[in-house]
Amino acid sequence: MSFIRHLIVIVGPTAVGKTALGIKLARHFCTEIISADSRQFYREMQIGTATPSAGELLQAKHYFIQNKSATDYYNASMFEFDALEMMDKLFKNQNIILMVGGSTLYVDAVCNGIDDLPAIDMELREKLMKQYREEGLEFLRHKLKVLDPDHYQKVDLRNPNRMLKAIEVSLITGKPYSSMLTATSKERNFNIIKLGINRERPELFSRINQRVDQMIADGLVDEVKSLMSIRESNALKTVGYREIFEYLDGSISLSLAIEKIKTNTRRYAKRQLTWFSRDKGMPWFHPENTDQIVDYIQSKL
RNA sequence: GGUACCAUAGCUCAGUCGGUAGAGCAACGGACUGAAAAUCCGUGUGUCCCCGGUUCGAUUCCUGGUGGUACCA
């Protein structure tokens, strides 16, 4: 056992059992949890995001849960800053901190860092969005080709969000977006022990289905109903909320909405797994295999 | 019990005037540095219910099963 600081990072697809494992590990290592979940920040969205219960939150201290409003603007870079600041504080009292979460980009922001870019300008985004809606992808392609020809060569020219981001940054800074990307990981003053947890696909899917049914039983429809007035906010572009909005609009039945939530959650889980699979050296465990997981972590301390 | 219709992908179904088949959804695979539970891209995965018959060749036509649906009893 050394005196090096360690960040134990637990990633895995949605509904795999990260919360329960995180609590066990936090208790085992006598530490606290940085949550890296881009939807559990929002205090208005608890049922649909499977936020840890009050009882669970008592068993281990969690940070970055219910600390934002769904109308707040927040992003991975801001999370990188906030999480590092929090960890600095926590490392004063302990050498091990846990980070648990399935938000791929947010985890990446803390582990590897993301490049410094200017804050977004909402007015500019709205203006570009409007033109995109009126003129289509060609508008974005043309704009990007002029502002950042290098990025134009690399970016997916069918993905509006990607192009929009590059255009925004280029316009705000007056420099091509791609010139600001360093493609290097930032140095961290702690060691990172990262591991993935997963289950067999049928097992994972059945947990997803059960969890969605439980959300409905717990009152998801009412939760979503109460958020009707802020449905346009980015936080609510989320599986479980969009589908219920459709139901509340009367455009689909409740049972279809439930089916769609299940399907979209399965797809989300797959996207997470695809992202995590890029991490070639990362070991994978079954979330109930706690002893094996603890042994692995011990061996890395 | 009788009559009619149906049986093709995980599901709902199309189709082949006889040359081993294709849509939607689901599923599967992938990309991704400030919207990331977002955004975007790619891929048919098949004893054409079973046993025979006709045929160079049957998922397709015919006999007989089996299962289902509807109607009549």
Side-chain angles (χ1 to χ4, degrees), chain A residues 11-16 18 35-42 45 47-51 70-82 101-122 124-126 128-129 132 137 140-141 151 154-170 172-173 177-186 201-202 204-205 208-209 211-212 215 220 232-244 256 259-279:
Chain A
V11 298
T14 190
V16 76
K18 292 187 294 295
S35 169
D37 188 303
S38 71
R39 289 299 185 266
Q40 292 179 3
F41 300 135
Y42 304 112
M45 301 163 59
I47 298 172
T49 60
T51 298
T71 53
D72 291 342
Y73 177 78
Y74 201 59
N75 63 39
S77 178
M78 294 160 85
F79 179 69
E80 174 189 6
F81 182 86
D82 291 343
S103 296
T104 55
L105 187 61
Y106 286 63
V107 171
D108 217 52
V110 173
C111 293
N112 303 313
I114 50 183
D115 291 317
D116 293 324
L117 296 177
I120 67 149
D121 175 342
M122 278 302 181
L124 175 63
R125 174 170 295 186
E126 277 309 313
L128 292 169
M129 282 287 281
Y132 162 58
L137 283 172
L140 297 176
R141 288 175 185 162
H151 200 60
K154 281 178 272 176
V155 78
D156 177 357
L157 294 173
R158 281 176 292 195
N159 191 327
N161 286 13
R162 291 281 137 69
M163 288 192 283
L164 204 60
K165 183 67 208 167
I167 293 167
E168 278 174 16
V169 172
S170 302
I172 291 170
T173 61
Y177 168 73
S178 56
S179 71
M180 280 168 271
L181 303 180
T182 61
T184 53
S185 284
K186 290 185 190 165
R201 205 60 76 86
L204 181 65
F205 284 7
I208 287 173
N209 294 341
R211 194 170 75 175
V212 172
M215 286 174 180
L220 179 62
E232 293 308 320
S233 65
N234 178 53
L236 287 165
K237 291 181 177 175
T238 297
V239 175
Y241 292 82
R242 287 176 151 180
E243 297 85 351
I244 298 294
L256 180 58
E259 276 318 301
K260 285 178 87 166
I261 294 172
K262 289 175 180 173
T263 299
N264 289 332
T265 306
R266 276 181 245 135
R267 290 177 170 165
Y268 169 50
K270 173 59 179 92
R271 270 179 272 133
Q272 290 174 298
L273 288 168
T274 298
W275 178 290
F276 295 137
S277 72
R278 295 204 298 195
D279 216 325

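- Between B:G53 and B:G44, the distance separating the two P atoms is 37 Å to the nearest Å.
- Across the protein-nucleic acid pair, A:Phe276 atom CZ and B:G30 atom P stand 14 Å apart, rounded to whole Å.
- For A:Leu157, the side-chain contact (heavy atoms from CB on, under 4.5 Å) partners two or more places apart in sequence, or in a different chain, are A:Arg141, A:Tyr152, A:Val155, A:Met163.
- Within the 4.0 angstrom heavy-atom criterion, no nucleotide atom of any strand lies near A:Met45.
- Here the side chain of A:Glu168 pairs no donor or acceptor atom with the backbone of A:Leu124 at under 3.5 angstrom.
- With P as the reference atom, B:U16 and B:C61 are 10 Å apart, rounded to whole Å.
- Taking every side-chain heavy atom of A:Arg201 into account, B:G29 is the closest of B:A35, B:A31, B:G29.
- For the OP1/OP2 pair of B:A35 and a distance below 4.0 Å, the side-chain nitrogens and oxygens of A:Tyr73 include at least one atom meeting the criterion.
- With rounding to whole Å, A:Lys154 atom NZ is found 12 Å from B:C32 atom P.
- Counting any heavy atom pair closer than 4.0 Å across all strands shown, A:Tyr106 reaches sugar-phosphate atoms only and no base atom.
- Ranked by how close their nearest RNA chain B nucleotide is to the 5' end, A:Gln272 and A:Ala76 are led by A:Ala76.
- Side-chain contact between A:Arg271 and A:Tyr268 is present, with at least one heavy-atom pair separated by less than 4.5 Å.
- Of the N and O atoms on the side chains of A:Thr14 and A:Arg211, at least one donor lies less than 3.5 Å from an acceptor on the other residue.
- If you take atom C1' in B:C5 and the same atom in B:G24, they sit 25 Å apart, rounded to whole Å.
- Within the 4.0 angstrom heavy-atom criterion, base atoms lie near A:Gly48.
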List every contact pair, protein side and nucleotides 39-43 of chain B side both N or O, where the distance is under 3.5 Å.
{"unit_1": "B:U39", "atom_1": "OP1", "unit_2": "A:Arg242", "atom_2": "NH1", "d": "3.4"}
{"unit_1": "B:U39", "atom_1": "OP1", "unit_2": "A:Arg242", "atom_2": "NH2", "d": "2.8"}
{"unit_1": "B:U39", "atom_1": "OP2", "unit_2": "A:Arg242", "atom_2": "NH1", "d": "3.4"}
{"unit_1": "B:U39", "atom_1": "O4'", "unit_2": "A:Asn161", "atom_2": "ND2", "d": "3.0"}
{"unit_1": "B:U39", "atom_1": "O2'", "unit_2": "A:Asn159", "atom_2": "OD1", "d": "2.4"}
{"unit_1": "B:U39", "atom_1": "O2", "unit_2": "A:Asn159", "atom_2": "ND2", "d": "2.9"}
{"unit_1": "B:C40", "atom_1": "O4'", "unit_2": "A:Asn159", "atom_2": "ND2", "d": "3.2"}
{"unit_1": "B:C40", "atom_1": "O2'", "unit_2": "A:Asp156", "atom_2": "OD2", "d": "2.5"}

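- Only the C1' atoms considered, B:G19 is 31 Å distant from B:G42, to the nearest whole Å.
- For A:Ser179, the side-chain contact (heavy atoms from CB on, under 4.5 Å) partners are A:Lys175, A:Pro176, not counting sequence neighbours.
- Atom NZ in A:Lys165 sits about 13 Å away from atom P in B:U33, given to the nearest Å.
- Within the nucleic acid shown, A:Thr265 has no heavy atom closer than 4.0 Å to any nucleic acid atom.
- Within the 4.0 angstrom heavy-atom criterion, only backbone atoms of the sugar-phosphate kind lie near A:Ser103; the bases stay farther away.
- Residue contacts for A:Leu117: at a heavy-atom cut-off of 4.0 Å it reaches a base atom on one of the strands shown.
- As judged by a 4.0 angstrom heavy-atom cut-off over every strand, A:Asp121 is placed among residues making no nucleic acid contact.
- Residues meeting the side chain to side chain donor-acceptor pair (under 3.5 Å) test with A:Arg267, sequence neighbours left out: none.
- Per the geometry, CZ belonging to A:Phe79 stands 17 Å off C1' belonging to B:A38, to the nearest Å.
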Q | Dot-bracket notation for RNA chain B, counting Watson-Crick and G-U pairs under 3.5 Å, with | for partners on another strand | A | (((((((..((((.....[..)))).(((((.......))))).....((.((..]....)).))))))))).

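- Within a 6.0 Å radius of OH in A:Tyr73, more than 12 heavy atoms belonging to other residues, nucleotides or ligands are found.
- In this structure the side chain of A:Thr173 never reaches within 4.5 angstrom of the side chain of A:Leu117, judged on heavy atoms.
- For A:Asp108, the side chain to side chain donor-acceptor pair (under 3.5 Å) partners are A:Asn112, not counting sequence neighbours.
- Using a 4.0 Å heavy-atom distance criterion, A:Asp37 is classed as a base contact.
- Here A:Lys270 does not reach the OP1 or OP2 of B:A27: none of its side-chain N or O atoms lies under 4.0 Å away.
- Taking the six-membered ring where the residue is Trp, A:Tyr74 and A:Phe79 present perpendicular rings, their angle passing 60° and hence far from 30°.
- Remark: A:Ala76 pairs with A:Leu105, A:Tyr106, A:Ala109, A:Ile114 by the side-chain contact (heavy atoms from CB on, under 4.5 Å) rule, at least two apart or across chains.
- Checking the phosphate oxygens (OP1, OP2) of B:A36, no side-chain nitrogen or oxygen of A:Thr104 falls inside 4.0 Å.
- The same atom, C1', is picked in B:G1 and in B:C13; the two are 32 Å apart, to the nearest Å.
- Counting non-hydrogen atoms under 4.0 angstrom, A:Ala109 reaches nothing in the nucleic acid.
- Residues passing the side chain to side chain donor-acceptor pair (under 3.5 Å) test with A:Asp279 are A:Lys194, sequence neighbours excluded.
- On the P atoms, B:C11 is 11 Å away from B:U47, given to the nearest whole Å.
- Taking atom CG of A:Leu164 as the reference point, atom C1' of B:A36 lies 15 Å away to the nearest angstrom.
- Counting any heavy atom pair closer than 4.0 Å across all strands shown, A:Tyr177 reaches sugar-phosphate atoms only and no base atom.
- Across the P atoms, B:C49 and B:A21 are found 15 Å apart, a figure rounded to whole Å.
- Residues forming a side chain to side chain donor-acceptor pair (under 3.5 Å) with A:Thr51 (at least two apart in sequence, or on another chain): A:Thr49.
- If you take CG of A:Leu273 and P of B:G29, they are 9 Å apart, rounded to a whole angstrom.
- Rounded to an integer number of Å, the gap from CG of A:Asp279 to P of B:C32 is 13 Å.
- Between B:G10 and B:C17, the two C1' atoms lie 32 Å apart (nearest whole Å).
- A sub-4.0 Å separation between OP1 or OP2 of B:C32 and a side-chain N or O of A:Arg278 is present.
- At the heavy-atom level, A:Phe205 lies under 4.0 Å from the strands shown only through sugar-phosphate atoms.
- Regarding the sugar-base torsion, B:G24 falls in the anti class, its angle being beyond 90° of 0.
- Checking the phosphate oxygens (OP1, OP2) of B:A35, a side-chain nitrogen or oxygen of A:Arg125 falls inside 4.0 Å.
- Distance, A:Tyr268 OH to B:C32 P: 18 Å, rounded to whole Å.
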All N/O contacts under 3.5 Å from nucleotides 10-12 of chain B to the protein, with atom names and distances to one decimal?
none

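- With sequence neighbours excluded, the residues forming a side-chain contact (heavy atoms from CB on, under 4.5 Å) with A:Phe205 are A:Arg201, A:Ile208, A:Arg266, listed by chain and number.
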Indicate every side-chain donor-acceptor pair of residues 234-241 of chain A with a distance under 3.5 Å to a residue at least two apart or in another chain.
{"unit_1": "A:Thr238", "atom_1": "OG1", "unit_2": "A:Arg39", "atom_2": "NE", "d": "2.4"}
{"unit_1": "A:Thr238", "atom_1": "OG1", "unit_2": "A:Ala235", "atom_2": "O", "d": "2.5"}
{"unit_1": "A:Tyr241", "atom_1": "OH", "unit_2": "A:Gly48", "atom_2": "N", "d": "3.1"}
{"unit_1": "A:Tyr241", "atom_1": "OH", "unit_2": "A:Glu223", "atom_2": "OE2", "d": "2.6"}

